[in-house]
Structure formats: structure tokens, C-alpha cells
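These notes concern the structure reproduced below.
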Amino acid sequence: MTATVLLVGGTGRTGLRTLRQLLERGVEVRAIVRTVSKLPPELAASPRLTAIEASLLSLPDEELQRHLRGCDAVISCLGHVLSLRGIFGPPRDLVTRATVRLCRGIEALRPAAPVRLILMSSVSVHRPGAADARRGALERALLGVLRALVPPARDNQRAADFLAEGIGSGNAFVEWAVVRPDTLLEGEVSSYALHQGLVNGIFSPGSTRMANVAHLLCELATDRAAWAAWKGKLPVITDQGDPAREAPSRSAA
Ligand SMILES: NC(=O)c1ccc[n+]([C@@H]2O[C@H](COP(=O)([O-])OP(=O)(O)OC[C@H]3O[C@@H](n4cnc5c(N)ncnc54)[C@H](OP(=O)(O)O)[C@@H]3O)[C@@H](O)[C@H]2O)c1
């Protein structure tokens, strides 16, 4: 059966790669974007793409639910635009508000099978309950300052906390995974490794190709085994060859 995926943030750097890979896999994609003309013509012309030009945060509930109805998965590649206004201006809680809206919209539809909510996040986000290997005192202090002063860092953590604690593991309608890439790089899909917890410190960052993040997001949305392995978790994704302290648990073909 063809999968149907709702994509938000699809005009971004990773979002566009995700959109392209989803369409190449034959997935039916609904993309809510602020500006349809940002989509490359060859993607916009795909018969499998429904592009919806709208502001995700102000879309009426009923309209959002209409776009969510019948979706097997929702992928969010939303991120704050890297400008002074994008980082410090409203909406400071873009990712959290969007994540909550999408989850509440799915719950309101009461789907027969749980819908997968897959959130692109960052290695600056930690797992709740101090489940990640402890960072050094200096790193913890620096991240605390970052979250206090830089809205996107706080926003990404709150969105992940909402999924881990607000949705949790027993929700009948929503299942979730939070993907945590390290420093984002250009490049084609290559081998990558997935880790349960953090493998690089902020003073010795690793790297993750955006194409590899897109590949993982697509796998999680469409592959039963990948979803069984990572639902309810916050996988860290690093390019293969990156100095990792944990054994890789999944590689791209
Ligand atoms: N940069 C890094 O090295 C890095 C590393 C790890 C993780 N991350 C995280 O990865 C995520 C995605 O990163 P990226 O670089 O691929 O993102 P990006 O290129 O900046 O794209 C951001 C997307 O979010 C949309 N967006 C921004 N503000 C919005 C708003 N107010 N309403 C609706 N949509 C909005 C943008 O739409 P428009 O096209 O309309 O602006 C775009 O589609 C971010 O959460 C980031 O924190 C980044």
C-alpha cells in the first residue's frame, strides 16, 4: 500500500531533500509550506505531491485535520531561519507549537492505527531523565546558557520533551521519534550510523549529511522494521567514519 506522509518544513535545506527522497520512493506527500514557489519545479510538478500554501501555526484546526486525515506519518523538518529575526523574533516556540498542533490534530481524528510523528531535531537536545551519557560540567553549563539565551535551542528541547513526556509511549493515536543530527553537511546519501545516545561532545562535534537525515526520516516513515527499532526514541545520526563511541546500529544501503 502506498504511504501518505504530511511534511512540514519541506522548503528547508533538509526538508527539500526529504521531499525529493519521499517522492522518489513513490510516497504520496502533502507538504504545508509558507511559499509554494520555493519548491523546485520538478518536485512541484510531481503528481504525488500536494503542496498546501499556508502558515502552519495559524491554519484553522479543521483545515489542519483535513490535511492530516489518512496520513500514515508526519515529518517535521521545521527550523528557525538563521537570521537575527528568525532566531530571536516570533514565533520563538515554532517547533514546539507545531509539534503540539500536529499531535493534537492527529488525536482529534482518532485514527485506527497510530500515526508516526517524526521530528528532526539536534544533538543539542538531550533525552529526558538524564538518559544520555553525562556531559562534562562545562558542556552542561554551556548548553544551559544556550537554552536560556537562544530561543531555538530551548524550542527544540521543549518539542522533544513534549513528545517524550506529553505523548509518551502509551498513546493510541500518535507514535513518535526524534532524530538528532550533528553538524549538518552537504553531500549525497552515504553510510551513516545510528546511536541510542550522544556520541560527540559540543567541543568535538561530529557531522551528518542532510541527505542522510532525509534518508533516515524516509525510512522511519515507510519501513516497518526501522520504525519498530526507533519509535519512542531519540536516535543520534552521524555519518559513518565519524568518531563514534557506540557501535553503529543501522546503516544506509
Ligand atoms: N544547522 C545545523 O547544523 C543543524 C544541526 C542539527 C540540527 N539542526 C536542526 O534541524 C532542523 C532543520 O534544519 P535545516 O537547516 O534543514 O532548516 P532550514 O533550512 O532553516 O529550514 C527551516 C524550515 O522551517 C520553515 N519555517 C521557518 N520558520 C517558519 C515559520 N514561522 N512557520 C512555518 N515554517 C517555518 C522554513 O520555511 P521557509 O522556507 O518558508 O522559510 C523551512 O522550510 C532545525 O530544527 C535545526 O535546529 C540544524
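Start at 1 with the first residue, then count along the sequence. Order of listing sets the numbers, starting from 1, for every ligand and every atom in it.
- A side-chain donor-acceptor contact under 3.5 Å links Thr208 to the backbone of Asp182.
- Residues satisfying the salt bridge (charged side-chain N to carboxylate O under 4.0 Å, His left out) test with Arg209, not counting sequence neighbours, are none.
- Using a 4.0 Å heavy-atom criterion, the residues that approach ligand 1 are Gly9, Thr11, Gly12, Arg13, Thr14, Arg34, Lys38, Cys77, Leu78, Gly79, Val81, Pro91, Leu94, Met120, Ser121, Ser122, Asn156, Pro181, Asp182, Leu184.
- Legend: residues meeting salt bridge (charged side-chain N to carboxylate O under 4.0 Å, His left out) with Glu165, ordered by chain and number and at least two apart, are absent.
- Trp176 pairs with exactly one of Val74, Thr99, Leu163, Ile118 by the side chain to side chain contact (heavy atoms under 4.5 Å, CB included) rule, that one being Leu163.
- Between Arg48 and Glu24, none of the side-chain N atoms (NZ, or NE/NH1/NH2) sits under 4.0 Å from a carboxylate O, so this pair counts as no salt bridge.
- The stretch residues 56-69 participates, sequence neighbours left out, in these side-chain hydrogen bond (donor to acceptor under 3.5 Å, both in side chains) pairs: Ser55-Ser58, Asp61-Arg101.
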